[in-house]
Amino acid sequence: KKIELFIKRAFDIIVSLLAIIILSPLLLLISILIKLDSKGPVFFRQIRVGKNGVHFKIIKFRTMVSNAEKKGLQITVGKDPRITRIGHFLRKTKLDELPQLFNVLIGDMSFVGPRPEVPKYVEMYDEYQKIILKIRPGITDLASIEYQNENDLLANCLDPESTYIREIIPRKIELSIEYLRNISVLYDIKLIIRTILAILNG
């Protein structure tokens, strides 16, 4: 496992650096569109829980109005009125996740791993569930694929946050534990390809 994790980290560094260089024109274009679309910063930063329970700031393109967290839940539901015009497109295409390449490069995250949660929800994990905090969180994983349209799913619930806590979080953790059992660079590549295909199939 140690060798696999070493190779996985080397893969993350090399590929994230190359991706940042290659995608820099796209990153710049998205940044300009965000500034033209609404007032506020280009990036959205939020405290998440990473490897070994260490907190870090995840970086995404801002898709909501400024101070959105003070105007609603920490989860997004359906056609949330806080989402900007360009934000809808970025979320649908997952382009808002691109800045996490910097999180991967500096070691906060990996390309593949359990999606990092906010401290509020991690505090609800039991001791067994906390096993997923033993590795770096990822940009994508099995749960990201299964819950690609999570916002729309929650929109049909009477109590979205309760549904997220009681049903979605436990299922996501199950999938994260399944990933831990099969962790390898080849498996990561397979999940990255599955993620890209899922996005393209929309």
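FYI, the numbering just counts along the sequence from 1.
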Hey, are Asp96 and Thr63 close enough side-chain-wise for a donor-acceptor pair under 3.5 Å? no

Tell me whether Leu186 is reachable from Ile145 by hopping between hydrophobic residues (I, L, V, M, F, W, Y) whose side-chain heavy atoms are closer than 4.5 Å. no

Which is it for Glu127 and Lys130 under the salt bridge (Lys or Arg N to Asp or Glu O under 4.0 Å) test, yes or no, and what are the steps along the way? CA-CA 5 Å; Glu127 288 304 310; Lys130 288 178 182 177; 3.3 Å; yes

Is there a side-chain contact between Leu133 and Asn52 (heavy atoms, below 4.5 Å)? no

Please tell me whether Thr84 and Arg62 have a donor and an acceptor in their side chains that are separated by less than 3.5 angstrom. no

Pairs flagged by salt bridge (Lys or Arg N to Asp or Glu O under 4.0 Å) wherever residues 164-173 is involved - sequence neighbours left out: Glu146-Arg171, Glu150-Lys172, Arg171-Glu174

I'd like to know if the side chain of Arg136 and the backbone of Gly107 have a donor-acceptor N/O pair within less than 3.5 Å. yes

What pair of heavy atoms forms the shortest contact from Asp141 to Ser176, and how long is it? OD2-OG, 3.8 Å

Would you confirm whether Asp37, through its side chain, and Leu33, through its main-chain N or O, come within 3.5 Å as a donor-acceptor pair? no

Whether the Glu161 and Tyr121 side chains hold a donor-acceptor pair (N or O, under 3.5 Å, no angle test) is what I'd like checked. yes

Would you say Asp126's side chain and Tyr128's backbone share a donor-acceptor pair under 3.5 angstrom? yes

Please check this pair: side chain of Arg115 against backbone of Gly138, looking for a donor-acceptor N/O pair closer than 3.5 Å. yes

Assess the pair Phe61 and Phe44: is the distance between their ring centroids shorter than 6.0 Å? no

Any link between Ile14 and Ile106 through a network of hydrophobic side chains (Ile, Leu, Val, Met, Phe, Trp, Tyr) touching at under 4.5 Å? no

Looking only at side-chain N and O atoms, does Asp188 offer a donor or acceptor that is under 3.5 Å from a partner on Tyr179? yes

Is it true that atom CD1 of Ile3 has more than 12 heavy atoms of other residues, nucleotides or ligands lying nearer than 6.0 Å? no

Are more than 12 heavy atoms, taken from residues, nucleotides or ligands other than Tyr187, located less than 6.0 Å from that residue's OH atom? yes

When rounded to the nearest 0.5 angstrom, what distance separates CG in Leu98 from CG in Leu90? 9.0 Å

